[in-house]
Structures are given as C-alpha cells and as structure tokens.
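I have placed the structure first, in the form of structure tokens, so that the comments after it can refer back to it.
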Amino acid sequence: MQDHAKAERLLIIDDDEMFCHVLDRAMRRRGFEVLVAHDAEQALALAHQQKPTLATLDLKLEHDSGLKLLPDLLEVVPECRVVVLTGYSSIATAVEAIKLGAVNYMCKPADADEVLAAFDKEAGDPETGVAEQPPSINRIAWEHIQKVLHEHDGNISATARALGMHRRTLQRKLQKRPVRR
C-alpha cells in the first residue's frame with residue numbers, strides 16, 4: 001500500500017455524520033488533511049476551494065445521488081481519485097461508478113485501511129473468487145430494481161411504472177438494506 005498521507009487532501013462526502021466522524025478521525029491519525037461534506041453542493045464548493053487529491057463518495061446521499069455528483073466532482077478536480085462507498089451496492093451502480101470515473105467501489109461498512117487499499121487498487125485481479133452458488137432470487141430482484149431505477153435516473157414513480165408496482169411498495173423496498181447473496 002502506498003503512503004498517501006504525504007500532502008494528500010481527502011474529501012469525505014457522506015450524509016451519515018457518524019461515519020464521517022469516524023473516518024475523519026482515522027484518516028487524520030494517518031496524516032491526511034481531511035475535508036467533510038454532507039451533500040453535493042457542499043462537496044463541490046469544497047472541491048473548488050481546496051482541490052482534494054482523494055475523495056470517498058457515498059452513493060446514496062440524502063437528497064442527491066453520488067453517481068450524479070461524480071462527473072461534476074471530477075470536472076472540478078480531474079486528478080482526484082474517487083472511491084464510491086455504499087450500503088446499497090448493486091452491480092448496475094458499481095459498473096456506472098467505474099464508467100463515470102471512480103477508481104473503486106466498496107460496500108459499507110469499510111474501515112480506513114480498506115478505503116486506503118481501494119485507492120491503490122487500480123488493476124483488476126483475475127484471482128478474485130467466484131461465488132460457489134448463484135445469487136438468491138431476492139438478490140436478483142434487488143439488482144433488477146437498482147438497474148431499472150438507474151435507467152430512470154432515480155425517478156421512483158417512473159421506476160415503479162416500469163416495474164409494474166405501486167410507488168409506495170417500491171419506496172418500501174428501497175428503504176431496506178440490500179439482500180446479501
């Protein structure tokens with residue numbers, strides 16, 4: 001693992017204040033200059049002013065999508081290396097995050113060492129294990145909902161219509177944590 005702390009400025013973008021506090025403390029102990037933003041507007045303002053070299057970006061901000069913020073952030077600081085963190089992981093959002101310029105995509109919870117390792121891991125690993133069993137039907141349903149939601153730019157009503165379900169039912173499903181395999 002590289003020694004990032006030398007003159008590195010890390011921007012943490014997450015609406016979970018406790019997560020921000022814990023990661024902020026851990027990264028400061030490792031010698032980073034840390035900036036914290038809780039929404040897209042605050043993140044872009046800090047990026048313009050402070051020019052971070054690294055950023056962690058929550059996929060699901062309270063009123064914003066990390067995927068929508070990612071291109072804007074990289075337009076302001078093109079050299080910034082961004083790791084997307086989420087408690088709502090899906091294949092569709094992982095693929096889009098990488099296409100949009102993230103260097104990595106991680107599921108929460110993640111500790112500071114795992115985040116630092118994610119900044120360093122640029123190349124794929126052909127030795128990555130393949131699951132012994134296919135995903136459960138619940139996981140496949142979760143992935144499909146995420147894919148359709150992404151195709152409709154996060155619009156809940158349009159996604160519900162496309163899936164043939166009531167909007168409130170979809171909202172309840174989206175509030176739950178994703179199903180593990």
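The model shown is predicted, which means the values in this text are computed figures rather than measured ones.
With R9 contributing its side chain and F32 its backbone, the two residues share no donor-acceptor pair below 3.5 Å. No donor-acceptor pair closer than 3.5 Å links the side chain of E96 to the backbone N or O of A92. For the pair E114 (side chain) and D111 (backbone), a donor-acceptor distance under 3.5 Å is present.
Other residues, nucleotides and ligands place no more than 12 heavy atoms under 6.0 Å from the CD atom of E75. The neighbour count for E79 CD, taken as heavy atoms of other residues, nucleotides or ligands under 6.0 Å away, is above 12. No more than 12 heavy-atom neighbours from other residues, nucleotides or ligands sit within 6.0 angstrom of CD on E41. Counted within 6.0 Å of NZ on K51, heavy atoms from surrounding residues, nucleotides or ligands total more than 12; the atom is thus considered enclosed.
Paired with L11 under the rule side-chain contact (heavy atoms from CB on, under 4.5 Å), one option of T53, L54, L57, L73 passes, and it is L73. When L23, L10, V34 are each tested for a side-chain contact (heavy atoms from CB on, under 4.5 Å) with R28, only one passes: V34.
Taking the side chain as every heavy atom from C-beta outward, M106 and V83 approach each other to under 4.5 Å. Two residues are said to be in side-chain contact when any heavy atoms from C-beta on lie closer than 4.5 Å; T159 and L170 meet this criterion.
Within the structure, every pair that satisfies the salt bridge (Lys or Arg N to Asp or Glu O under 4.0 Å) test and touches residues 56-70, not counting sequence neighbours, is listed here: D58-K108. Contacts classified as salt bridge (Lys or Arg N to Asp or Glu O under 4.0 Å) and involving residues 154-169 (residues at least two apart or in different chains) are not found.
For the pair A118 and V103, the tightest heavy-atom approach, listed with the atom from each and the gap, is O-CG2, 4.4 Å. For the residue pair P71 and L100, the shortest heavy atom distance occurs at CG-CD2, 4.0 Å. Heavy atoms only, all atoms of each residue included: L74 and C80 are closest at CD2-O, 3.4 Å. A112 and M27 make their closest contact through O-CE, 3.8 Å (heavy atoms, listed as atom of the first residue, atom of the second, distance). Of all non-hydrogen atoms in I13 and D39, the two that sit nearest each other are CG2-O, 4.5 Å. The nearest pair of heavy atoms linking L70 to V82 is CD1-CG1, 3.7 Å.
Alongside M18, the hydrophobic cluster contains V22 (criterion: ILVMFWY side chains under 4.5 Å).
No side-chain N or O of Y105 forms a donor-acceptor pair with one of T86 less than 3.5 Å apart.
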